[in-house]
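Here, residue 1 is the first one in the sequence, and each next residue gets the next number. Computed over heavy atoms, backbone and side chain alike; hydrogens, waters and symmetry mates excluded.
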Amino acid sequence: MGRGPRRRAGVLRDTWHLLGDGQLWISVLGGPRAFHAHEPLAFALTAWAVPAGPPGQVAFRAELWSVALGVLAVFFMLRIAARAGADPREAWFALGLLVASGTLQFGFGYIEAYPVLWVAGLAYLWAGLRTAAGAPAWPASLLLGLGFGVHGTMALFGVSWLWLMRDQTWRTRIVNALVGLVPVALAYVVLPALVGGAAHTEESSKGVKDILNQLSVYPHGVGSYILAQTNRWTLAAPLALPILILGWRQVRARPTSAFCALAAAGMMLFPLLVDTDGSRGAALDWDNFSTAGPALAAAAALAAAGLVATRAAHTARSLALALALFGTFSFVGVNATPRAALDRFQSLMGAPEWTGHTRALASETLAAAYRDRNDWPNAAAWYIRAAREEPGNHRAVRNAASAALRVGRNREAANLYLDLAPVQSGDPRLWFYLGTALEGVASVDSALVAYREAVRLDPGYAEAYGALAGLLERVGSPEALEEAARMRTRMPANR
């Protein structure tokens, strides 16, 4: 395949991490364990599955964890689809809508809390459907509590849980409430006492969405905004909203369909209230919007079950699967390009809970995004910031020095190379680049020392010989010219 395809795959992988909070999670998972204030079980389970280590290893293990959760999610989708009706066509139609619910990306290496939240939501829907059909309510109560512990937004499924409790006795309601509160208490009270450490959380200001603010962060203007809203709402489960409108009587008549509709309505409250202005990035928290998708899909599938059983379902199923691909990947190409996602990282990096290590890794991510766009001035600025955030990170310092030298920030490049010299003194390339930077700021004597060290360490380093000879010739003294002549003679190309 060559280096080109591998490099493109690496850039795509880095971009995928940039679009969500992947880079933040990679850096936090790679360091000391800490309690996450609004997603405690999601982080605890991911930390259990992803041992601490270097960022590359952490990223790979977290991606595998996401894929494993995707397999588990498919299991729950199959169980939910099986409850859509007795006819296999009904189950296939339900599965098509669930697959197309805008959440499949969570099973493709997505690093964040949402893969765990996705599975927790599907598990609750499955248990709730069983309860709505007459099964005991405690599994749904327990899974709702676990989901609340996974991520605070799952508390909004409580609307559908209250509906499940409508015909229960008060004793049963209290018992089920206590069953649900146990995992909540474990997640928000016991877990932080066991894990300790600073709470990593991200505040979200509340309020009515300002559409003009949203438009300002879209890379393609109004058209992109309209497409994004279509992707979030109508294509959260393709055809779901039209089906629910047409089959509203079915929703009212079937307890299982009503349960899913209320679950979807409850989860839709969160993205309506979350601040989605430019500080949140062009993705505008698409992952929060998508959490209502499976419930919306299940409600539509149940509402349309009778119709599907009497008509050929293959056309609708094919359309649903085609829209699944669009709903899953369109946000990458249109709504959450690296260019637009930079705003989110630049604002998040000012949060007080970010450590210097976390900010350094995020700065390197931003630098890589600018580098891949061939925007070297901005890439250099972010590489330098990464080096300042974590001076002991030799990779970051070296990248910063190289980028600074590339854009002519010679004094900063020289200082960075000097910082590295004590720990990488045996690297002839470091001395050569240090000499180049020093020559760029007219520090001739120091540049000569650096060039001489480079050729001493590597007598076959032709480029260093040429730079040293050229600088000696520009000095112009008899001694310098004599040394330059010797360097020209010793250059590997002249042997």
With W163 via side chain to side chain donor-acceptor pair (under 3.5 Å) - residues at least two apart: none
What distance do L129 atom CG and C260 atom SG have between them, rounded to the nearest 0.5 Å? 4.0 Å
Residue pairs meeting side-chain hydrogen bond (donor to acceptor under 3.5 Å, both in side chains), one or both in residues 120-132, sequence neighbours left out, come to Y124-S160
Qualifying residues under side chain to side chain contact (heavy atoms under 4.5 Å, CB included), relative to R388, sequence neighbours excluded: I384, E412
Hits for side chain to side chain donor-acceptor pair (under 3.5 Å) against R395, two or more places apart or cross-chain, chain-then-number order -> E364
Quick check: does any side chain N or O of R173 sit under 3.5 Å from a backbone N or O of R166, one acting as donor and the other as acceptor? yes
Tell me, do L125 and F259 make a side-chain contact under 4.5 Å, heavy atoms counted? yes
Evaluate the side-chain proximity of E112 to F106: yes if any heavy-atom separation is below 4.5 Å, no if none is. no
Measuring only between side-chain heavy atoms, which start at C-beta, is L186 closer than 4.5 Å to L191? no
Partners meeting side chain to side chain donor-acceptor pair (under 3.5 Å) with R398 (sequence neighbours left out): Q424, D427
Taking atom types as modelled and ignoring hydrogens, do the side chains of W376 and N374 form a donor-acceptor contact shorter than 3.5 angstrom? yes
Where V50 and R61 come nearest, the two heavy atoms and their spacing: CG1-CB, 3.8 Å
Side-chain donor-acceptor contacts of residues 133-149 below 3.5 Å, not counting sequence neighbours, with atom names and distances?
{"from": "S141", "atom 1": "OG", "to": "A137", "atom 2": "O", "distance (Å)": "3.3"}
{"from": "S141", "atom 1": "OG", "to": "W161", "atom 2": "NE1", "distance (Å)": "2.8"}
{"from": "S141", "atom 1": "OG", "to": "N176", "atom 2": "OD1", "distance (Å)": "2.8"}

Per the side-chain contact (heavy atoms from CB on, under 4.5 Å) rule, which among I80, L117, V74 passes with L122? I80
Taking all heavy atoms of V407 and all of A380, pick out the closest pair and write down the distance. CG2-CB, 3.8 Å
Nearest-0.5 Å distance that lies between atom CG in L41 and atom OG1 in T46: 10.0 Å
Rounded distance [0.5 Å steps], NE2 in H151 versus CH2 in W118: 15.5 Å
Evaluate the side-chain proximity of L64 to S66: yes if any heavy-atom separation is below 4.5 Å, no if none is. no
